[in-house]
Protein chains: 2
Amino acid sequence: MGKAMRENGKAIQRLREVGLRPTRQRVELASVLFKGEDRHVTAESLYEEASQLGLRISLATVYNTLHQFTHAGLLRQVIVDAARGYFDTNTGDHQHFFLEDEGALIDIPGDQISVAGVPTPPNGLAVDRVDVVVRVKRA
Amino acid sequence: MGKAMRENGKAIQRLREVGLRPTRQRVELASVLFKGEDRHVTAESLYEEASQLGLRISLATVYNTLHQFTHAGLLRQVIVDAARGYFDTNTGDHQHFFLEDEGALIDIPGDQISVAGVPTPPNGLAVDRVDVVVRVKRA
DNA sequence: CAATAGTTTAGAATTGCTCTAAACTACTTG
DNA sequence: CAAGTAGTTTAGAGCAATTCTAAACTATTG
Ligand SMILES: [Mn+2]
Ligand SMILES: [Mn+2]
Ligand SMILES: [Zn+2]
Ligand SMILES: [Zn+2]
């Protein structure tokens, strides 16, 4: 029994838990995304990576799957760049460094950073999330 | 002497100060942008507004002008939505509520909100800016 | 095993934005 | 105050990221 196969087993279980049919494409993408450490991907970068690994999945499916995983709570979206959407396998409370030169994201643990003094939202609105982006550049 | 004409006078002065030729298009857009209170616009929304006012300016010029004003320090860009770029007439230190349902921005004064515990950036990098976006939704 | 509901896909479409290069105009200089 | 020229505007083409469409496919259920 290969390593990929065991990874796929875990992915299938995970997909069932959140109510998504474990299709070949979803299982393969979940295996790639959740295999090792937390990571940040774009649709295009994940499509590239999957293609490199020999997985045959269309770009449209990568987009669909990223959104489905996000709705299911397996991923979260990070908005740091007006040109490109990022998806994050770390769904816990945390913030980001954004390396503007290379377009890379680095996690900042949620308990390390704190935002104080957020005013009460305008009437009828509730805070959904507070995002902190620390934009960094070559010194 | 009409009100618009006085507005234009101020706009011309302002453009000269930052080294931009006061062309008809730049003067008109500056008048619209800096007439009253601080505001947040998208290229499309400003183009719409100018058109409504009978100002004849192409969309390409609106894009060019927004970028030129930003480089000149008259505007700043705000990244809150992966699909659309926002420009802000308030260039001072402040943060934002983002109303996800309507795509609107509301300023939070910079002295009201504070971010503590930002870690030292990775080697060779320096903090350019710390952005806080408070995403709010219908309660 | 059907039947069916959900999924994938190629390719077209859409969106927000940038580029090109030709026409135009603000500023300089004689 | 005429050129001259450097900078500006613009229509339209082009582009990159993303979404849509609708026909082919597949996981699940009975
Ligand atoms: Mn969006
Ligand atoms: Mn886009
Ligand atoms: Zn992250
Ligand atoms: Zn603002």
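Note: hydrogens, waters and symmetry copies are ignored here, and every other heavy atom, side chains too, is used. Reminder, nothing fancy here: chain letters follow the sequence lines and each chain counts from 1.
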Could you give the [atom1]-to-[atom2] distance, from [X] to [N], as a whole number of Å?
{"X": "B/Arg84", "N": "D/dT18", "atom1": "CZ", "atom2": "P", "result": "15 Å"}
{"X": "A/Gln77", "N": "D/dA17", "atom1": "CD", "atom2": "P", "result": "15 Å"}
{"X": "B/Asn8", "N": "C/dA26", "atom1": "CG", "atom2": "P", "result": "13 Å"}
{"X": "A/Tyr86", "N": "D/dA16", "atom1": "OH", "atom2": "P", "result": "16 Å"}

Between A/Thr61, A/Leu59, A/Leu66, which is the residue that forms a side chain to side chain contact (heavy atoms under 4.5 Å, CB included) with A/Tyr63? A/Leu59

Walk along nucleotides 5-10 of chain D from 5' to 3' and tag each nucleotide B, S or - by protein heavy-atom contact under 4.0 Å, base first, then sugar-phosphate. -BSSSB

Could you tell me whether a side-chain N or O of A/Arg21 sits under 3.5 Å from a main-chain N or O of A/Arg26, the two making a donor and an acceptor? no

Quick one: does B/Arg135's side chain have a donor or acceptor within less than 3.5 Å of a partner on B/Val80's backbone? yes

Residues 113-128 of chain A, side-chain donor-acceptor partners within the protein, below 3.5 Å, at least two apart:
none

Using the test side chain to side chain contact (heavy atoms under 4.5 Å, CB included), find all partners of B/Arg39 that sit at least two apart in sequence or belong to another chain. B/Val32, B/Val41, B/Glu49, B/Thr89

Residues which pass side chain to side chain contact (heavy atoms under 4.5 Å, CB included) with A/Ala60, listed by chain and number, not counting sequence neighbours: A/Ser58

I want to check one thing: is the phosphate of [N], taken as OP1 and OP2, less than 4.0 Å away from some side-chain N or O of [X]?
{"X": "A/His67", "N": "D/dT18", "answer": "no"}
{"X": "B/Arg16", "N": "C/dC27", "answer": "yes"}
{"X": "A/Tyr63", "N": "D/dT18", "answer": "yes"}

Please list, in numerical order, the residues of residues 40-53 of chain A that have a heavy atom closer than 4.0 Å to any atom of DNA chain D. none

With rounding to the nearest 0.5 Å, note down the distance linking OG1 in B/Thr91 to CZ in B/Arg76. 8.5 Å

Donor-acceptor pairs are to be reported for all side-chain atoms of residues 101-109 of chain A against protein atoms at under 3.5 Å, with residues two or more places apart or in another chain.
unit_1: A/Asp101; atom_1: OD2; unit_2: A/Arg138; atom_2: N; d: 3.2
unit_1: A/Asp107; atom_1: OD1; unit_2: A/His40; atom_2: NE2; d: 2.9
unit_1: A/Asp107; atom_1: OD1; unit_2: A/His94; atom_2: NE2; d: 3.0
unit_1: A/Asp107; atom_1: OD1; unit_2: A/His96; atom_2: NE2; d: 3.1
unit_1: A/Asp107; atom_1: OD2; unit_2: A/Asn90; atom_2: ND2; d: 3.1

